[in-house]
Each structure stands twice: as structure tokens, then as C-alpha cells.
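Counting convention: from 1, in listed order, for ligands and their atoms alike.
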Amino acid sequence: MKLRFAPSPSGLLHIANARIALLNYLEARKKKASLILRIEDTDVARSAEENEKQIIEDLKWLGIVFDKYYRQQERLNLYREKAELLIKSHKAYRCFCGKHKLKELKEKAIKQGIAYRYPGFCRNISDTQSQDRANKEAYVVRMRIDEPVILEDIHRGKIRFDAGELDDFIILREDKTATYNFACAIDDMDMEIDEVIRGEDHITNTARQIAVFNALNKIPPVYIHIPIMLDENRKKISKRAGGNSIKELREKGILPEAIISYLASLGREKEFSVEELVENFSIERISKSNPVFDFHRLLLINESFIKTIDDALLLKHLAEFEPRLSEQQLGYVPVFRNNARDLAELIQMIDEFIDFHPEKLQEDEKETLRLFVKLLKDNDFSESISKLAEQTGKRGKAIYHPIRIALAGKEKGPSLADIVAVFGKENTIKRLSEAL
Ligand code: GLU
């Protein structure tokens with residue numbers, strides 16, 4: 001069995017695309033199917049190589065792995081051959097109308113508020129005439145759609161599309177590159193894809209793709225159209241608008257585990273294994289309503305992952321996030337990881353601590369701190385705290401507050417004992433003394 005994820009490199013991979021990729025990945029693992037990554041780049045004007053590279057990099061970073069990789073740019077001959085075949089069997093025809101001639105008709109239709117359909121001027125040109133003109137004139141190739149198409153979607157049930165609705169759509173452009181619908185259908189056929197999981201925004205595309213399958217007497221794959229994830233304004237997440245791309249989330253210091261956990265809607269914020277995800281996965285159970293991307297919830301999950309993932313894994317992510325971290329900075333990771341929502345914040349907290357210089361404390365607090373510094377010279381941290389409590393009769397905040405403010409400048413943060421364990425007794429005494 002085979003599945004595929006087929007991004008177009010017209011923009012970066014965003015959170016909604018990543019969700020579709022993940023669903024395909026989990027379904028493939030669940031059904032022990034192989035998973036193909038197919039870059040749909042036949043629309044040269046809208047495809048960029050940097051995007052393609054970044055998409056591949058982002059998927060790898062998320063841990064979504066593929067068994068095979070294709071680029072449609074490298075398969076253009078196949079699409080041309082199939083288009084020729086369709087012309088020969090009269091399922092497709094050359095259209096010589098040109099954009100110019102049709103533009104007026106399109107504009108007229110828009111003015112009248114009706115859907116534009118190709119009027120079929122070139123439908124009945126004879127084979128010899130068509131061949132003749134093809135040698136001299138520019139042309140596109142259109143499907144000849146006479147029959148309705150029935151889509152049987154696993155999620156949405158049966159949907160019927162009348163021939164008129166589908167229009168005689170273009171399959172090859174004037175420059176002989178295949179349009180998205182044609183390349184996609186031919187590839188799904190050629191790669192023997194069994195199941196297509198994609199956003200429900202593709203439903204009308206699917207009808208056209210089924211028409212291609214029908215014209216070539218092939219059985220289309222099973223289609224599962226998933227309600228797409230929307231942004232916080234309940235709008236479709238755009239490839240061009242910033243903020244929701246995997247690259248940007250990564251640059252903010254979100255962990256891939258947090259993204260996967262969020263997208264898989266685990267409702268849990270602890271480590272999980274892919275096996276666990278696969279075991280509990282069922283494509284039929286995916287919600288029938290559109291999920292809305294909630295960055296705040298992702299951040300909460302991220303915070304929890306930063307606290308709980310394996311040390312080595314956290315260090316690996318940090319090294320990728322900021323390769324120039326010093327030994328000293330890395331030494332503070334165990335101390336500050338419990339308080340950071342993302343990796344950028346974690347590094348910032350560490351840096352703020354390292355660079356911190358305390359201001360002088362109030363007189364009464366100075367007194368407590370002075371005694372503490374004295375005790376710390378001959379005792380370890382916890383002994384010094386106990387003795388300080390004994391000798392001053394103070395407890396809790398009254399003794400911790402001056403130490404915390406002098407050491408780190410903040411009311412809240414990691415445990416003082418943890419900070420001192422890494423900072424060292426001598427450095428601690430030095431810094432505390434600055435506040436006296
Ligand atoms: N290339 C299409 C896109 O990026 C997806 C096509 C598909 O999954 O069939 O939206």
C-alpha cells in the first residue's frame with residue numbers, strides 16, 4: 001500500500017500543511033504502507049527552490065520520514081506522453097484560443113456574476129487540422145469533459161460533479177508543462193497511490209483528477225479530505241502570510257515533539273513515542289470540524305516538553321537552535337529548563353543570570369544577606385539556610401527573598417539550591433556581596 005504527501009513549493013510548510021503530512025505519516029505507519037514525498041513544482045513561476053529545500057528540512061526536523069522522493073519537474077515527459085494519449089483517444093483536445101481571446105469572455109462572465117466556462121470553440125477541430133495547426137500555433141491541451149464525476153470520500157460521502165461544473169480544464173499549458181490537477185492525477189496513477197489524504201480545500205480538484213483517471217480507464221485512489229486547520233481568525237492559513245510556518249515556529253524555539261504532540265491532538269504534554277501515536281491513530285476519527293491553530297496551547301505543550309524531555313534530546317535541540325552556546329551557558333540548562341516556554345526564552349534566562357549584577361538591598365534585607373554570606377563561607381547551601389533560619393528566627397520568603405533578589409534579580413525562578421550548585425559557592429558569595 002502507498003500514500004503520499006505532495007507539497008507545492010510555492011511557500012513554506014505551515015502548521016496546517018504539517019498536520020496533513022503528519023496524518024499521512026501516521027496512516028502510512030498504521031497500515032504499514034510506504035510514504036512518498038512528491039514535490040509538486042510544475043508551476044515554475046510559483047515554485048522556489050529555497051522553499052523546496054526548507055520544506056524537506058522542516059519535515060525531517062519534525063521526524064516525518066519518507067520512503068521515496070520525487071519532483072514533478074523531473075517527470076514532465078510522462079505528463080506530455082499521457083496528454084498525447086488522451087488527445088489520440090479524443091478524451092482531450094488541443095485548444096488554440098489563446099489567453100487573449102478568452103480574457104474578454106472571462107471578464108464578461110465576471111460582470112454578469114456567472115461562472116466562466118470555456119465555450120468549447122476548439123472541441124470539434126478535426127484531428128488533421130489540429131495536428132496541422134499544432135505545428136504552427138501555440139496551444140494548450142484541455143480535457144473533454146462530457147460525463148459527471150462521482151467522488152466517494154471517506155469523510156464526506158458521495159459528492160457528484162456535473163460535467164459543466166468541471167469545465168474542459170487545461171491539462172497542458174502552452175509551454176507544455178502540466179497543470180497541477182493533471183500532474184497530480186498522473187502521478188497518483190503512475191506511483192500507484194492507494195489513499196490520498198489532503199485538505200478539503202482540494203475537493204473540486206479531486207473531481208477533475210478523477211476525470212483524468214476515468215479518461216485513462218484507471219481506478220482512482222481512495223480519497224480522504226480532511227477539514228483544514230484555520231488561523232486564529234478562522235481564515236485559511238496562507239503560505240505567504242508569516243507566523244505559522246514551521247520554520248518560524250522553529251526559530252521561536254518550539255520543539256518538534258511539541259508540534260507533533262499538538263497536531264496529533266494528544267491532549268497530553270509528556271513524552272510519547274511514534275509507536276504510541278501510531279497505535280492510537282485512526283484517520284476515520286479525525287474531527288469533522290476545522291481545528292483552529294492555537295499558538296498559546298502549543299506554547300504550553302512546548303513548555304512542558306522543555307521540562308520533561310530527556311537531557312540529551314534537549315541539548316541536541318539547543319545545539320541546533322543556537323550552535324554557539326558556550327559550556328558555561330549549557331551548564332545552566334538543567335537549572336532553567338523548568339521555567340522556559342521556548343528555547344529562546346531558556347537561553348535568554350541563562351544569559352540574564354550570567355550577566356546579572358545585583359543592586360544594593362534595603363538595610364533590613366542586607367542584614368539577613370550578610371549573615372547568610374558569612375554562613376555560606378563555612379557551610380554548604382542547605383546548612384547555611386537552616387542556620388540562617390535558626391539564628392534569625394525568620395523563615396520562608398523572609399530569608400529566601402533577599403538571597404534570590406541578590407543572586408538572580410527576580411522574585412521567581414529555579415530553586416536557589418540548583419542555581420548555587422551550578423554557579424559555585426565562590427561565585428555566589430561574590431555576587432551576593434555586591435548587594436551589600
Ligand atoms: N500540491 C498541493 C498543495 O500543496 C497538494 C496536492 C495534494 O495533496 O494532492 O496544496
Side-chain angles (χ1 to χ4, degrees), residues 2-28 33-56 58-59 62 64 66 68-76 79 149 151 153-156 159 169 171 173 177-213 218 220-231 235-241 244-247 283 286 290:
K2 282 192 211 160
L3 278 85
R4 87 308 191 268
F5 175 61
S8 304
S10 54
L12 295 174
L13 190 77
H14 57 58
I15 190 83
N17 305 136
R19 175 167 168 267
I20 299 291
L22 177 66
L23 296 177
N24 275 289
Y25 175 67
L26 294 176
E27 175 76 345
S34 59
L35 183 61
I36 287 171
L37 173 61
R38 187 170 78 217
I39 302 292
E40 300 204 311
D41 55 356
T42 59
D43 190 348
V44 183
R46 294 181 59 215
S47 302
E49 220 160 281
E50 314 89 84
N51 289 339
E52 178 184 334
K53 275 198 196 122
Q54 191 65 47
I55 290 170
I56 293 171
D58 291 342
L59 289 165
L62 286 169
I64 299 178
F66 294 87
K68 258 193 150 138
Y69 159 70
Y70 294 96
R71 293 174 74 208
Q72 288 190 326
Q73 270 304 324
E74 289 159 10
R75 300 169 57 79
L76 299 179
Y79 313 135
V149 162
L151 159 63
D153 185 79
I154 295 285
H155 259 225
R156 311 259 308 226
I159 310 174
F169 63 94
I171 58 174
R173 303 182 185 95
T177 57
T179 55
Y180 157 68
N181 276 318
F182 191 57
C184 182
I186 295 300
D187 277 347
D188 284 342
M189 199 180 296
D190 187 66
M191 294 171 191
E192 299 178 322
I193 300 299
D194 297 281
E195 198 174 292
V196 169
I197 300 174
R198 62 184 165 199
E200 62 186 4
D201 50 332
H202 278 291
I203 284 186
T204 31
N205 287 329
T206 302
R208 296 196 167 106
Q209 292 168 25
I210 293 175
V212 174
F213 271 86
K218 297 277 184 197
V222 167
Y223 291 100
I224 306 177
H225 290 91
I226 302 288
I228 52 172
M229 179 173 264
L230 303 175
D231 68 13
K235 293 257 153 52
K236 188 173 167 184
I237 297 177
S238 131
K239 287 196 175 172
R240 277 157 286 275
N244 295 324
S245 73
I246 298 302
K247 180 170 180 266
I283 193 76
I286 298 294
N290 297 88

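Partners of Arg156 by salt bridge (charged side-chain N to carboxylate O under 4.0 Å, His left out), not counting sequence neighbours, listed by chain and number: Glu200. Evaluation of the side-chain contact (heavy atoms from CB on, under 4.5 Å) rule for Ile36 yields Lys2, Arg4, Arg38, Lys68, Tyr70, Met191, Ile193 as partners, not counting sequence neighbours.
For residues 10-28, the salt bridge (Lys or Arg N to Asp or Glu O under 4.0 Å) pairs, not counting sequence neighbours, are Glu27-Lys31.
In summary, of the residues considered (Thr42, Thr177, Asp187, Thr179), a side-chain hydrogen bond (donor to acceptor under 3.5 Å, both in side chains) with Tyr79 occurs for Asp187 alone.
No side-chain donor-acceptor contact under 3.5 Å links Gln72 and Tyr180.
Protein residues with a heavy atom closer than 4.0 Å to ligand 1 are Arg4, Ala6, Pro7, Ser8, Glu40, Tyr180, Cys184, Arg198, His202, Lys239, listed by chain and number.
One finds no salt bridge joining Glu40 and Arg71 here, because no Lys/Arg side-chain nitrogen approaches an Asp/Glu carboxylate oxygen to under 4.0 Å.
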